[in-house]
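Remarks on the structure that follows.
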Amino acid sequence: MENIIVINNLYKSYGEVKAVQNLSFRVKKGELFAFLGLNGAGKSTTISIMCGQLKKDKGSVEINGMNIDEHPAQIKRELGVVFQNSVLDKPLSVEQNLKTRAALYGIEGEAFDARLKELCDTFDLWDILKRPIGKLSGGQKRRVDVARALIHKPSILILDEPTTGLDPQTRKAVWGIIEKLRKTQNMTVFLTTHYMEEAADADYVVILDAGQIAAEGTPLELKNEFTGDYITLYGAEESEVQKLGKPYEKTADGYRVEVENTQEATSFILQYPELFEDYEIVKGKMDDVFLAATGKSLGGENA
Amino acid sequence: MKENSMYEMKACGALIKRNVHMFFKDKGTFFTSLITPIILLVLYATFLYNVYEDSFASAFPPGTPIDEELLSGLVGGLLLASLLAVSGVTVPFCANLFMVQDKVTGARNDFSITPMKPHSIAISYYFATVINGLIVCFVALGAGLIYLACIGWYLSLADVGLLFLDVVLLVLFGTALSSVICYPLQSQGAMSAVGTIVSAGYGFICGAYMPLSQFSVGLRNILGFLPGTYATSLIKTHALQGVCEEFTAQGYPVDAVKEIKDVADCNLYFFENAVPTWVSYTVLIGSIVLLIGVFVLMNVLSARTKTKNEK
């Protein structure tokens with residue numbers, strides 16, 4: 001797959017504060033790319049540079065084959081951004097908001113009408129089209145936010161913590177829409193999130209810490225590198241679990257044993273088949289990867 | 001190149017339309033912008049009307065019979081002029097606060113990720129504020145003219161034309177001044193503070209609540225440095241010119257008419273020197289140009305600040 005975003009040796013400082021230091025990464029076309037980091041890690045700075053809102057100190061940013069220094073306006077047409085909080089005008093209706101934003105990309109008249117119809121069909125906006133944004137529920141607002149981000153048919157959708165503060169049902173609905181877009185339109189999605197389970201579904205993950213890359217890879221690669229596997233044994237006696245000689249914890253229905261990797265789990269199964277009548281083996285979580293890679297939990301505390 | 005300019009113009013137009021829409025849809029901001037004119041109307045309805053009627057009547061020698069319609073036309077003209085003088089500044093100020101509100105809500109970020117150039121966004125705020133100010137002031141002027149027609153009409157067509165010109169210039173001035181003041185504001189608190197101070201204070205310093213002639217000499221001299229003073233004086237001059245001429249035509253003492261003009265600030269003095277009308281226009285237009293220049297400079301410097309670390 002070809003790279004749609006190529007960032008090389010990016011630097012940005014605010015006075016003495018080094019927001020981004022020597023940052024380099026690639027995003028492939030059609031990929032779900034997760035950009036993780038605590039507040040102040042440099043995520044927003046990187047996105048602002050990509051969107052042309054902030055000038056970099058050094059380095060290069062290429063989007064869809066265009067250098068941001070040479071083609072800032074064209075690059076802006078390639079990007080659609082869903083901000084953490086809805087930035088649409090609350091007193092205006094959904095249609096008025098979309099019409100204004102479309103005009104800022106030069107989409108007017110019949111072209112707008114056609115695009116509006118597509119978006120209303122995709123995001124089920126017909127019933128709320130005439131309603132003011134301020135009167136919509138959180139989930140409805142989010143649907144309109146995504147529709148606004150896609151009004152000009154960008155090739156990359158940037159989601160800046162899009163599900164923060166949303167209830168689980170709405171989060172699920174938002175992800176349903178994003179998945180649909182990826183499948184039907186091969187859209188590249190650049191995601192920043194605090195929800196590690198969302199990052200676990202990404203094709204590639206970059207973990208940022210203090211403006212630098214702390215770890216990167218596919219979720220599987222990261223889990224293999226930074227965490228072990230976990231065996232959950234159901235219906236086993238504690239004395240039998242102790243035989244494994246590995247750290248464990250009691251759960252509601254059994255015991256959760258931490259092992260080095262899948263090979264070690266396999267060897268235990270072969271060695272103690274009587275213990276493994278009812279069990280499951282899972283990889284470590286992305287939270288564990290984040291903690292291992294940065295030494296910080298997503299709550300912001302040092303480990 | 002031509003296509004780009006066309007795009008910028010259309011995008012600018014769309015943003016102007018949005019900003020105008022927002023002002024009239026946001027009832028809170030809209031009514032806040034009308035607080036000062038409403039206060040003025042209440043003051044006139046409760047006591048200022050009578051105070052001015054008595055004050056103007058006392059300018060004539062005791063026992064002089066005064067035409068009631070002329071007197072009503074005079075006080076009504078002063079009310080209209082005062083109303084326009086405050087609205088021309090406070091309405092643009094409140095309308096321009098959307099520039100700050102958009103920073104607070106993040107809408108400004110949403111505009112800056114579009115291909116629109118930053119200066120086009122700044123221009124759209126300026127023109128939207130001008131349009132909002134003009135709509136409100138022209139409605140006020142229209143209503144005021146109807147009111148004058150009911151109580152005593154003495155304006156010539158030229159006076160009406162000049163009143164429209166004065167309102168346009170005052171709105172341009174109010175917009176330029178508010179653009180400069182609102183541009184650096186970043187928070188809701190700062191926005192509220194500026195809105196409150198302007199709404200509460202401008203009626204006094206422009207001489208709408210009380211003519212400057214009633215202030216102490218020192219304060220009058222200080223207020224002479226404010227360009228808004230000249231705009232107020234121009235509006236008062238053109239709103240009262242017809243009725244003052246009618247007083248003279250009907251044989252009322254010239255000195256008394258001059259005193260009325262002095263009391264109503266139609267005759268403006270800067271350190272005891274009479275200020276001719278053309279000087280008032282020069283000061284007003286000059287300050288508009290200067291303030292727009294400062295606003296442009298602020299935008300340029302802001303863009304440079306963002307890029308100063310670029311190597």
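Convention: sequence-line order gives letters A, B, ...; per-chain numbering from 1. Quick caveat, the model's predicted, so the values are computed rather than measured.
- For the atom pair CG of A:Leu104 and NZ of B:Lys10, the computed distance is 13.5 Å after rounding to the nearest 0.5 Å.
- What you find for A:Lys76 and B:Met116 is that their closest heavy atoms are NZ-O, 4.5 Å.
- Under the 6.0 Å distance and 45° angle rule, A:Arg148 does not count as a cation-pi partner of B:Phe111.
- Annotation: A:Phe25, atom CZ; neighbour count of heavy atoms from other residues, nucleotides and ligands within 6.0 Å is above 12.
- At a heavy-atom separation below 4.5 angstrom, chain B is approached by A:Glu108 within residues 108-140 of chain A.
- Heavy atoms from other residues, nucleotides or ligands lying under 6.0 Å from NZ of A:Lys43 number more than 12.
- Between B:Ile113 and A:Gln53 the shortest side-chain heavy-atom distance falls below 4.5 Å.
- When the heavy atoms of residues 84-94 of chain A are compared with those of chain B, the residues falling under 4.5 Å are A:Ser86, A:Val87, A:Leu88, A:Asp89, A:Pro91, A:Leu92, listed by number.
- Both the backbone and the side chain of A:Tyr105 come within less than 4.5 Å of a heavy atom of chain B.
- Expressed to the nearest 0.5 Å, how far CG of B:Asn109 lies from OG of A:Ser48 amounts to 7.0 Å.
- Contacts between A:Leu79 and chain B at a heavy-atom distance below 4.5 Å are absent for every atom of the residue.
- Residue with the most contacts toward chain A among B:Cys12, B:Gly13, B:Ser112: B:Ser112 (heavy-atom pairs, distance under 4.5 Å).
- Between chain A and the options B:Arg108, B:Arg18, B:His21, the largest number of non-hydrogen pairs under 4.5 Å is found for B:Arg18.
- Of the atoms belonging to A:Gln74, not a single heavy atom falls under 4.5 Å from chain B.
- If you tally non-hydrogen atom pairs under 4.5 Å between each of B:Lys27, B:Lys17, B:Met22 and chain A, the highest count goes to B:Met22.
- Shown here is B:Phe204, whose CZ atom has no more than 12 heavy atoms of other residues, nucleotides or ligands within 6.0 Å.
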